[in-house]
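To keep things clear, I will list the structure first and then write my remarks on it.
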Amino acid sequence: MVFVQFFKTALFNLFLSCSLFISLHAISAEHIAPPPYSAIENNDIKRLLPNDEIKPILAGETEFLSLYSEYMSANFRGVVLLIPDWHSTPTNNTGMNFLRKELNNLGYTTYAMTVPDIEWQTNSIDNTSPPNTAPPADAKITDEQPVKVKKDAAPHFVDAIEKVTDEVLDNYKINLISRFNALYQTAMKEPSNIVVIAQGTSAGVLLEHYADFPKEQVDAFISLSSFLPNTKRNKSLNQTASLVTPALLDIYYATDSTDILMNLKNRQRWVNRNAKFDYRQRELFGLRDQPEQHARLSKEIDGFLRRLF
């Protein structure tokens, strides 16, 4: 009798747990996408930085934040626009945040802008159907009739897949240039020398932009470890760097990736071919977040700009 009652209780608990398990799947919560990286970055900037440094700027219908810092020397030498690498912040410790304040002591007013989000889903889908290599339906393949392979057929090679497609880079370039033009118009309210300092991929797409001779002219362009995460476009960046109008200081680090270090010699060759005499290339040693490295970075930039104006 006790066994029968125990069996009924166990059966009831099993039935109840199965019902709860099925009901949880039936009323499962809808997936909520995480907030974009730029929203998290903007919230951190508004929460941690002084309000007088934060300047919202409108680029089309999109509002983004820039960090404004006024010059703190006897002589005003110009305005510097700081553009960090993609998926990075204007307060990063790889040189941007240091230059944002140190250049004020050298006589420059600085604007450091936030970069747009990376739209990874902008890849174009190839709707072309693959060639039909299946044998016709009426063809019967048996062990007695093996498939004949052409010995003189050309070998098939698999094409390399780019790390980042052209569509993703072009989308980021359009959004970045839209913000850059809005920041440029804000900086032109103080008529003086305009200097652009850009990092990484942001520097690469801006070099492509200035190789097309836009109307937003600057007096000097300083690139920090400029490259493009696309093999073909990164290779063509060597020639592009020699076609930009403003004076160009090309700074790289000894610890940079091979995508940057392997192209430096070719970049110098293109500069010699196109006779860009206001091009300089400098190498920095050690880690890019060290205080000694920051001091040398500002020294190289200051020396380059003093030769120009």
Side-chain angles (χ1 to χ4, degrees), residues 36-38 41 57 59-60 62 64-66 80-90 92 94-96 99 111-124 162-185 187 194-218 220-253 256-257 259-264 266-267 270-271 276 279 281:
Y37 179 79
S38 59
E41 176 187 351
I57 300 177
T62 304
F64 67 97
L65 298 182
S66 65
V80 176
L81 309 181
L82 299 169
I83 297 92
D85 197 359
W86 70 348
H87 207 67
S88 184
T89 65
N92 66 55
T94 57
M96 284 287 109
L99 293 175
Y111 288 88
M113 60 172 276
T114 56
V115 294
D117 290 319
I118 307 171
E119 298 292 340
W120 297 107
Q121 304 301 324
T122 55
N123 293 330
S124 60
E162 293 288 355
K163 297 179 182 178
V164 178
T165 61
D166 288 330
E167 289 78 10
V168 174
L169 276 178
D170 290 338
N171 180 268
Y172 177 76
K173 180 179 179 180
I174 292 171
N175 295 331
L176 181 70
I177 291 174
S178 176
R179 294 191 179 195
F180 174 78
N181 291 339
L183 185 67
Y184 179 87
Q185 297 301 326
I194 303 293
V195 180
V196 174
I197 301 179
Q199 275 184 330
T201 304
S202 298
V205 296
L206 282 175
L207 285 174
E208 288 185 338
H209 175 63
Y210 271 96
D212 296 331
F213 308 105
K215 62 180 181 180
E216 294 81 14
Q217 295 298 321
V218 298
F221 193 107
I222 300 172
S223 68
L224 307 178
S225 303
S226 60
F227 87 109
L228 293 172
N230 183 286
T231 305
K232 294 181 180 179
R233 291 178 66 165
N234 191 48
K235 184 178 179 181
S236 63
L237 188 63
N238 302 326
Q239 181 181 4
T240 302
S242 65
L243 299 176
V244 297
T245 303
L248 177 59
L249 174 60
D250 194 1
I251 296 178
Y252 64 96
Y253 294 83
D256 279 336
S257 66
D259 293 332
I260 299 174
L261 300 178
M262 294 294 290
N263 289 301
L264 293 171
N266 287 332
R267 192 173 297 186
W270 276 107
V271 166
K276 182 170 177 56
Y279 173 86
Q281 194 177 92

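No side-chain donor from either of Ser226 and Tyr252 sits under 3.5 Å from a side-chain acceptor of the other.
Sorted by first and then second residue, the salt bridge (charged side-chain N to carboxylate O under 4.0 Å, His left out) pairs with a member in residues 203-213 read Lys173-Glu208, Glu208-Arg233; sequence neighbours excluded.
Shown are Leu81, Ile83, Ile222; of these, the side chain to side chain contact (heavy atoms under 4.5 Å, CB included) with Ile197 is made only by Ile222. Here the options are Leu249, Asp250, Val244, Leu206, the test is side chain to side chain contact (heavy atoms under 4.5 Å, CB included), and the partner is Phe221; only Leu206 passes. With Ser225 as reference, Asp256 is the one residue of Thr94, Asp256, Asp85 to meet the side-chain hydrogen bond (donor to acceptor under 3.5 Å, both in side chains) rule.
Separating the CG atom in Asn263 from the CG atom in Leu237 is a distance of 8.0 Å, to the nearest 0.5 Å. Separation of atoms CG (Asn181) and CG (Leu176) is listed at 9.5 Å; rounding is to 0.5 Å. Here the straight-line distance linking atom CG of Leu243 with atom CG of Leu248 works out to 11.0 Å at 0.5 Å rounding. Phe227 contributes atom CZ, which lies 11.0 Å from atom CG of Leu261 (distance to the nearest 0.5 angstrom). Note that the CD atom of Glu119 and the CG atom of Asn175 stand 7.0 Å from one another [nearest 0.5 Å].
The two residues Leu183 and Ser66 come nearest to each other via the heavy atoms CD1-CB, 4.1 Å.
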**Report entry** Tyr279/Arg267 under side-chain contact (heavy atoms from CB on, under 4.5 Å): CA gap, chis, key distance, verdict
**Finding:** CA-CA 10 Å; Tyr279 173 86; Arg267 192 173 297 186; 3.5 Å; yes
Query - Residues Gln281, Leu264; criterion side-chain contact (heavy atoms from CB on, under 4.5 Å); working and verdict - result: CA-CA 9 Å; Gln281 194 177 92; Leu264 293 171; 4.1 Å; yes
Report task. Begin with the C-alpha distance, continue with both residues' side-chain angles, and end with the deciding distance and a verdict on side-chain contact (heavy atoms from CB on, under 4.5 Å) for Thr245 and Val218. Result -> CA-CA 9 Å; Thr245 303; Val218 298; over 6 Å; no
Report task. Before giving the answer on side-chain contact (heavy atoms from CB on, under 4.5 Å), spell out for Arg179 and Val115 the whole-Å C-alpha distance, their side-chain angles and the decisive distance to 0.1 Å. Result -> CA-CA 8 Å; Arg179 294 191 179 195; Val115 294; 5.5 Å; no
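No side-chain heavy atom of Gln199 sits less than 4.5 Å from a side-chain heavy atom of Ile251. In this structure, the side chains of Pro90 and Glu41 come closer than 4.5 Å at one or more pairs of heavy atoms. Contact of the Trp86 side chain with the Pro229 side chain is registered, since non-hydrogen atoms from C-beta on lie closer than 4.5 Å. Leu169 is listed as a side-chain neighbour of Thr201, based on a closest heavy-atom distance under 4.5 Å. Put simply, the side chain of Pro84 does not reach to within 4.5 Å of the side chain of Thr89, judged on heavy atoms. A heavy-atom distance below 4.5 Å is found between the side chains of Met113 and Phe64. You'll find the side chain of Asp259 reaches within 4.5 Å of the side chain of Lys163, heavy atoms only. Within the 4.5 Å cutoff, the side chain of Tyr184 has no heavy atoms near those of the Ile177 side chain.
Every residue two or more places apart in sequence or in another chain was checked for a ring-ring contact (aromatic ring centres under 6.0 Å, His included) with Tyr253, and none qualifies. Tyr210 meets the ring-ring contact (aromatic ring centres under 6.0 Å, His included) test with no other residue; sequence neighbours excluded.
Note on ring orientation: taking the six-membered ring where Trp is involved, the planes of His209 and Phe180 are perpendicular (angle over 60°, cut-offs 30° and 60°).
At least one donor-acceptor pair closer than 3.5 Å links the side chain of Asn238 to the backbone N or O of Lys235. The backbone N or O of Ala198 sits nowhere less than 3.5 Å from a side-chain atom of Ser202 that would complete a donor-acceptor pair.
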